[in-house]
Structures are given as C-alpha cells and as structure tokens.
Amino acid sequence: MAKYLNETSRTFSEFLLIPGLTTKDCVPGKVSLKTPLTKYEKGQTPEIELNIPFVSAIMQSVSNDGMAIALAKNGGLSFVFGSQSIQEQAEMIRKVKNHKSGFVISTANLTEEHTLKDVIALKAKTGHSTIAITDNGTAEGKLLGIVTSRDYRVGTDASSKKVKEFMTPFAKLITAKLGCTLKEANDLIWEHKLNSLPVIDEDQNFKFFVFRKDYDNHKDNPLELTDKQKKLVVGAGINTRDYAERVPALIEAGADVFCIDSSDGFSEWQRDTLQYIKKEFGGKIKVGAGNVVDKDGFLYLVESGADFVKVGVGGGSICITRETKGIGRGQATALIEVAAARDEYYQQTGIYVPICSDGGIAQDYHMVLALAMGADFLMMGRYFARFDESPTRKLMVNGSYVKEYWGEGSNRARNWERYDMGDTDGLKFEEGVDSYVPYAGTLKDNLAVTLGKIKSTMCSCGTISIGELKEKASITLVSSVSIVEGGAHDVIVKE
C-alpha cells in the first residue's frame, strides 16, 4: 500500500515571521549574512563560506562567466551551467579565475621579436592592454619588458615594428619579488604611481601581475568572495553522465566547487557521481548534490559524500515538473523537514552539512523565511535572470523591457542529462518553459535593495546573523484572508 503523508505541502507564501525583540544592537549595519557553503566538523570552519547567502542557478539563461564574476564581487557564488561542451564550460571557469584579484597569472604574453601587429591582435583576443614580454613568450619566462597602450600609436607606428623597439624594458620597470604580500605590492603601486606591478623570482622569471584597478575594485566591493590567491570563487554544474571527463577538466580550469545538476537527486546515479569524485580526488574537491524534498533523500546524499544538499522539486518559476509528472513538494514543507534532518545528523555525527533552498522564492521576504526555516543559502534563477549580467537578450515586449529566461527542462535548453533516467538519449517531454522576466537593471543595484530588506527583516526578528535567525525566529501560518490583509486594501492606490 502506498505511503500517505498527512501533512499539507506548503509554500513560503503561507507563512509570516513574528516580530522579536529588536534590541539596540539589532541594526542593519551589524547584520552578518556570512554562511557555510560546504560541510564541516563541529568546532571547525568550512573550507568555503559565502559572504551573502545567494548562489545563482545552474542554468543557461542565468549562470555564465559574466554572472559568476558579478555575483562573486558581491559576496555570492555562481555555478556555471554544465549543459554545454566541457571545453566551453572550462573556458568560462578560466575567465572567472583570471578576471582579477591580487596576484594574477598573465594570459597576454609575447616575445621581444613579435611585432606591433601581434600586440594588437593579442589585445583584441584577450582584452588585456598590459602585455608581458618574456624570453619565450610565456607567463613563466624571463621578464624582459612590458607593453601597454601608452607604448605605441596605432596608425602612426608601423605594424611590422618589433616589440623590443617600443616596449618598456626591464631596466626601467618597478618590480616586486616573489613572496611579497599583496599589501606590500599595493604599497609599491601607490608609491610609484603604477598601473601594474610585475612580480618576479630571484632569477627574473615572471610570475604574476598586480594591478592598481584590482585594489580600487576591491574597495568598491568589500564582500568580494575570493580564494587564498585572491581570485574570485566560482562553482560549476555537472551531470551524472560525463563527470569522469568533465570534472578533471574543470578542476584544471580552476573550479572551486561543483554541484550535480538534476531535477531528482535521490538516485543511484548521483551516488555513483559523488563516490567517483571523492575516490578520485579526495576530500579536497567539494561537490554538492540534489535536489531532494525529504529526510530520506537528504541522508542518502550525505552518506554518499555530498558536501551540501539542494532542496526543492518543482518550485521554480519556469519548472513544470509537478504539472507534468505529479512529483514534488511545497518548498516550505520540504525545507522544514530537510533542515530538521540536517540538525539531527549534526547532533549524531558532529558533521554539519549545509542545505540550499532551490526554488519557490517569489518575494524578497520569502528569502528570510527560507533562511529562518533552516536553509544555509538560496539558489535562484528568476531573480538573477532579470539583470544586465545574465547571458540572455534584453528585448522590448509590449512596451516593456524584458530578459529571456528558459528552464533547463525546456526543449530550448536541450539538457536531457538533467532529467537522466539511465535509458534515454533525449528529452521525451518538457519539464520547463521558455519565458520572459521583467528587466531590472544591474545586479549590484538590485542586490543592495534585496540585502537591505533581508537585514531589516532580521533586525525586526531580533537577530543579526543567519545562525541566530534559525534559532530565534517565530513563524506563523497565515490564512488566505490574512494574505489579502497584508497588502494594500480598501484604498484607491495612486498610479
């Protein structure tokens, strides 16, 4: 006989937060949104933490290198979508890791025998105007000089002019020795009014660049999420089919963390993927799994080796899994059960496995509810798809600007691996739609408003950290009538 769950499957819109005592310390400026991304043992700290509890969805229409750079600068993380070739995904990862921050390995290098034509071509290809000149044209060769756009005049200098004739030679360069700190490098930049500082070893071999603009950029983005080398942190989505080829290539490209992208995470295919990665690469490679909606699914993935678990089936704005298959669960109910299982597992083992709430966010206050109900961080697609930094086109539709947004389960995405049942080479029916979302502008501006709302709500709950919110929040069910009461009513709203 089938198992029946008597509890109603509920969504975030069916709940409200009860105000707590707002002390004088509960002000938005003191609220910390730092949260763990990967599992850790009691008394230890996680290897990867987020500065804000947001990650962008593993979707073609959301998470490319542009979104990954923008979100990491603001404290969150993107999982670059995996429904593309291994080479294309690896290149996106490289672009994020090479974007900026601290000691940068140069990707624009030439020899002194190259010509101005080569310089112009390399600048067009890489977008970098600062080019290292080494004895062998690599990023590890003996540094002989530097070329910047101030060293030549296009249209005046002959395209055949040798680099050695117009480069700034090594003798005239200010350099730093390998082993210097980032602060020491930035001090040299400011002291000598430089735009870039080469870092070399004792044999004059080139190692890194440090750029003035990176220092300025970091000051503008104090929550920036970086690794130990001060490079932006980036995740990568993978599937349960080609992981043996994809994962090593993405590790080589610099991916910091992985997430198995699947509509149904409670499967042996996910277990096999997790166990392969842990066996081949050990605990150094972090990988999350999902999606699940109950205790059984959570424990299965944790025991298979997951470093975090994603919760949610059918709650995304472009997802029609519940409609087409009758599979899923209200996001609030799913999250509450999995959070309880996470806490119980922590008490029994001393290992804390973060959970990610994926889907069901329709209003900003739903984000606070999700965190209060136990989520450590949130994965969102529609929210990020609206911004300039998402990879889709901005269009004018019916007099308003919109951005394209389609599900990974749609025919447009052709991502059948996400719905892999082990015996198919294609998508037999759609579990996602092709749509538009209202265009909203830049990520940074919108994120500032959202984070402001979250911090204000947390203060009203009498809390200044996500951990405190989970412990102290009071949550109540609401009736359909009280939902109406919560908005503007019985007035004529001015247009």
Side-chain angles (χ1 to χ4, degrees), residues 4-23 26 28 31 53-54 291 293-294 311-340 355-375 378-383 385-386 400 405 433 435-438 440 446 449-463 466 468-495:
Y4 289 90
L5 303 182
N6 292 323
E7 183 182 6
T8 302
S9 186
R10 299 191 182 277
T11 68
F12 294 132
S13 292
E14 296 176 80
F15 295 90
L16 285 176
L17 291 154
I18 300 294
L21 174 63
T22 302
T23 67
C26 290
V31 173
F54 291 172
N291 288 20
V293 295
D294 61 8
V311 179
V313 172
S317 59
I318 41 67
C319 184
I320 54 173
T321 295
R322 297 179 193 173
E323 187 176 308
T324 57
K325 295 171 64 175
I327 291 287
R329 198 176 195 185
Q331 187 66 13
T333 301
L335 184 57
I336 291 167
E337 178 173 328
V338 175
I355 58 175
C356 169
S357 179
D358 179 16
I361 301 291
Q363 305 289 340
D364 284 357
Y365 80 89
H366 291 169
M367 300 175 189
V368 189
L369 274 168
L371 296 171
M373 289 174 176
L378 317 176
M379 177 173 280
M380 296 182 289
R382 181 195 60 83
Y383 178 84
R386 304 173 301 145
S400 299
Y405 180 46
V433 299
S435 65
Y436 301 117
V437 289
N446 284 273
V449 174
T450 297
L451 296 179
K453 290 180 182 179
I454 290 174
K455 291 180 179 182
S456 179
T457 304
M458 288 174 64
C459 289
S460 293
C461 292
T463 61
I466 293 174
E468 259 194 332
L469 179 69
K470 292 176 186 175
E471 292 177 7
K472 296 183 178 180
S474 294
I475 303 171
T476 181
L477 275 169
V478 295
S479 68
S480 58
V481 177
S482 66
I483 292 173
V484 174
E485 180 187 61
H489 60 88
D490 300 318
V491 294
I492 301 172
V493 180
K494 294 179 181 180
E495 294 297 334

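In this text, all values refer to a predicted model and were calculated from it rather than measured experimentally. The figures here come from the full heavy-atom set of this structure, side chains too, leaving out hydrogens, waters and symmetry mates.
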Novice: Check whether any side-chain N or O of D358 sits under 3.5 Å from a backbone N or O of G312 as a donor-acceptor pair, and report yes or no.
Specialist: no

Novice: Just jot down the side-chain hydrogen bond (donor to acceptor under 3.5 Å, both in side chains) partners of T333, sequence neighbours excluded, or say none.
Specialist: none

Novice: Would you say the side chain of V31 lies within less than 4.5 Å of the side chain of I454, judging by non-hydrogen atoms?
Specialist: no

Novice: Determine whether a donor-acceptor pair (N or O, by modelled atom type, separation under 3.5 Å) exists between the side chain of N446 and the backbone of A440.
Specialist: yes

Novice: Heavy atoms, side chains only, cut-off 4.5 Å: are I475 and L17 in contact?
Specialist: yes

Novice: Using atom types as modelled and distance alone, determine if a side-chain donor or acceptor of E14 lies under 3.5 Å from a backbone N or O of T11.
Specialist: yes

Novice: What is the distance from atom SG of C26 to atom NZ of K455, rounded to the nearest 0.5 Å?
Specialist: 13.5 Å

Novice: Under 3.5 Å, is there a donor-acceptor pair between the side chain of S435 and the main chain of Y405?
Specialist: yes

Novice: After noting the C-alpha distance and the side-chain angles of L16 and Y365, does the key distance pass the side-chain contact (heavy atoms from CB on, under 4.5 Å) rule?
Specialist: CA-CA 9 Å; L16 285 176; Y365 80 89; 4.2 Å; yes

Novice: Is there a side-chain contact between F54 and T450 in this structure, where contact means two heavy atoms from C-beta onward sitting under 4.5 Å apart?
Specialist: yes

Novice: Could you state the interatomic distance from NE2 (H366) to OG (S357), rounded to the nearest 0.5 Å?
Specialist: 11.0 Å

Novice: Hey, what do you get for OG1 (T476) to CD1 (I18), rounding to the nearest 0.5 Å?
Specialist: 5.0 Å

Novice: Could you tell me if the side chain of R10 sits less than 4.5 Å from the side chain of I336, heavy atoms only?
Specialist: no

Novice: Set out, in order, the CA-CA distance, both residues' side-chain angles and the distance that settles side-chain contact (heavy atoms from CB on, under 4.5 Å) for F15 and V478, then state yes or no.
Specialist: CA-CA 6 Å; F15 295 90; V478 295; 5.9 Å; no

Novice: Under a 3.5 Å distance rule, please check whether T457 uses its side chain to pair with a backbone N or O of K453 as donor and acceptor.
Specialist: yes

Novice: For the side chain of Q331 and the backbone of V311, is there at least one donor-acceptor N/O pair under 3.5 Å apart?
Specialist: yes

